[in-house]
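Some notes on the structure that comes next.
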Amino acid sequence: FGTDSRSKRYALQGSRWKVKALTYRIAKYPKRLNKGDVDKEIAKAFSVWSEYTDLTFTPKRTNPVHIEIRFEENEHGDGDPFDGPGGTLAHAYFPVYGGDAHFDDAEYWTIGSTRGTNLFQVAAHEFGHSLGLSHSDVRSALMAPFYRGYDPHFRLDSDDVQGIQALYGRKTSSGATTPTKTTPRTSVNTVNNELCKDAKIDAIFSSADGMTYAFKGDMYYRLTENAVAEGYPKRISEGWPGLPGNIDAAFTYKNGKTYFFQGSKYWRYNGRQVDGDYPKPISEGFTGIPDNIDAALVWGGNGKIYFYKGTRFWRFDPLKRPPVKSTYPKPISNWEGVPNNIDGALQYTNGYTYFFKDNKYYRFNDRTFSVDAADPPFPRPTAHWWFGC
Amino acid sequence: YPKRLNKGDVDKEIAKAFQYGIYLSQFGYLPASARNPSNGGLLQEETWTKAIQDFQGFAGINVTGELDEETMELMSLPRCGVKDKVG
């Protein structure tokens, strides 16, 4: 959710359905509308969201269903009473709270009329909440909170499409598709370098001055927007005097210092200069973190340091005592779509988090907390997308 | 009632304060902790002003921090009951 008042956009509540085939049931109908008409309008309201994603919505007559729909008045059992005509028209619960949608039956619900309150438009909005969208500050978006009257030419705004696709990905079956905002890293020139033969890396990190480096063996590569910079690879010992090869992991923390890990030891650098008496034992500087880690990164979601090893990960907070809570380690599977035994991890300048394993990489969406749904899908070949091969 | 104001005007202002205070609280602009215990439960002015500013910013209208006509008009629109500011 952008905090810059100049950039308006959708907001994700933070939860979503893990399945795409959803069911619903109209448990209580409005008093003044024909049931068949209501069934059609509700189905149409759901189809607004399935048009741009692989979500499907199937009505059922009996429970259990994912989304229950009810038309109620005043207090109706959820502690969030309706208020008679006008004011609040409806509300819905985010997926983590059940996804149900309630409509105020004191409203004069209508279908295809300028009178009363249009059922289809309000229902489509509420189902956006049922799917995990919060309110948007884009005035023209369906997910804007205000009802501004019947629109006979209603269409989803691009902001709504971006929001729902951020949660559930683009539609993969035939139908409307919307290109994603993210520009893929494409190679312009074919480059022959060692990484083209074997794109598996030891570590990858961004330096304090915004450069991105990949480490492999005794060598390091500076990466440009879409390839390896000219003049690389170079020896790690030349770039960071005192640092050995075969680094396990590296990251630059918000203090501007870069930390390198190998075996049971770690080094701290200020730019290209070692910053004190290093190496030191990991057990001393990073209590609670094991030796021989696979990867590490400072995650943009919360600014904490994450270490990955095998099938597990640890969260390290330098400001807390102890810096690693007793609830760690946790399974890497918590990071939906990220594999075990990764080689490298990187919080990149575009705001996405990337994980590297063997010759492939995964782009992680910090908002949906899962590997991004994209075309082509992840994992993608690192050599082509990162190293310009 | 205050000595120097018309009772009808006072009624309206008090009702407005309750109405819009409830609105801002209901849709997430006034947190539960907004009350200032040292004032016996009254809102701090800057909290109130910020809540209005946040609403105005979200709604895309002039951010004045005041309950002006444009703001009150927007608050009177029928809307969804879900909070605008979700933690």
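Chain letters run A, B, ... following the sequence lines, proteins first, then strands; residues in each count from 1. On a predicted model such as this, the values are computed, not experimentally measured, just so you know.
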A/H129 and B/C80, any side-chain heavy atoms less than 4.5 Å apart: yes
Stepwise side chain to side chain contact (heavy atoms under 4.5 Å, CB included) test for B/F58 and A/H135: CA-CA 9 Å; B/F58 190 91; A/H135 284 147; 3.7 Å; yes
Greater than 12 external heavy atoms within 6.0 Å of A/F154's CZ: yes
Other residues, nucleotides, ligands: >12 heavy atoms within 6.0 Å of A/K20 NZ: yes
Under 4.5 Å from a heavy atom of chain B, the part of A/A92 involved: backbone
Reported CG-to-CG distance for the pair B/L77 and A/L89, which is rounded to 0.5 angstrom: 10.0 Å
Heavy atoms from other residues, nucleotides or ligands near CD of B/E46 exceed 12 (cutoff 6.0 Å): yes
Region of A/F94 in contact with chain B, defined by heavy-atom distances below 4.5 Å: side chain
Within 6.0 Å of NZ in A/K35, more than 12 heavy atoms from elsewhere: no
Interface moiety of A/E126 toward chain B, non-hydrogen atoms closer than 4.5 Å: side chain
B/E73 atom CD, over 12 foreign heavy atoms within 6.0 Å: no
Point-to-point distance, once rounded to the nearest 0.5 Å, from CG of B/L74 to CZ of A/R148: 5.5 Å
Cation-pi, A/Y147 ring and B/R79 (6.0 angstrom, 45 degrees): no
Rounded distance (nearest 0.5 Å) linking atom OG1 of A/T88 with atom CZ of B/F27: 4.0 Å
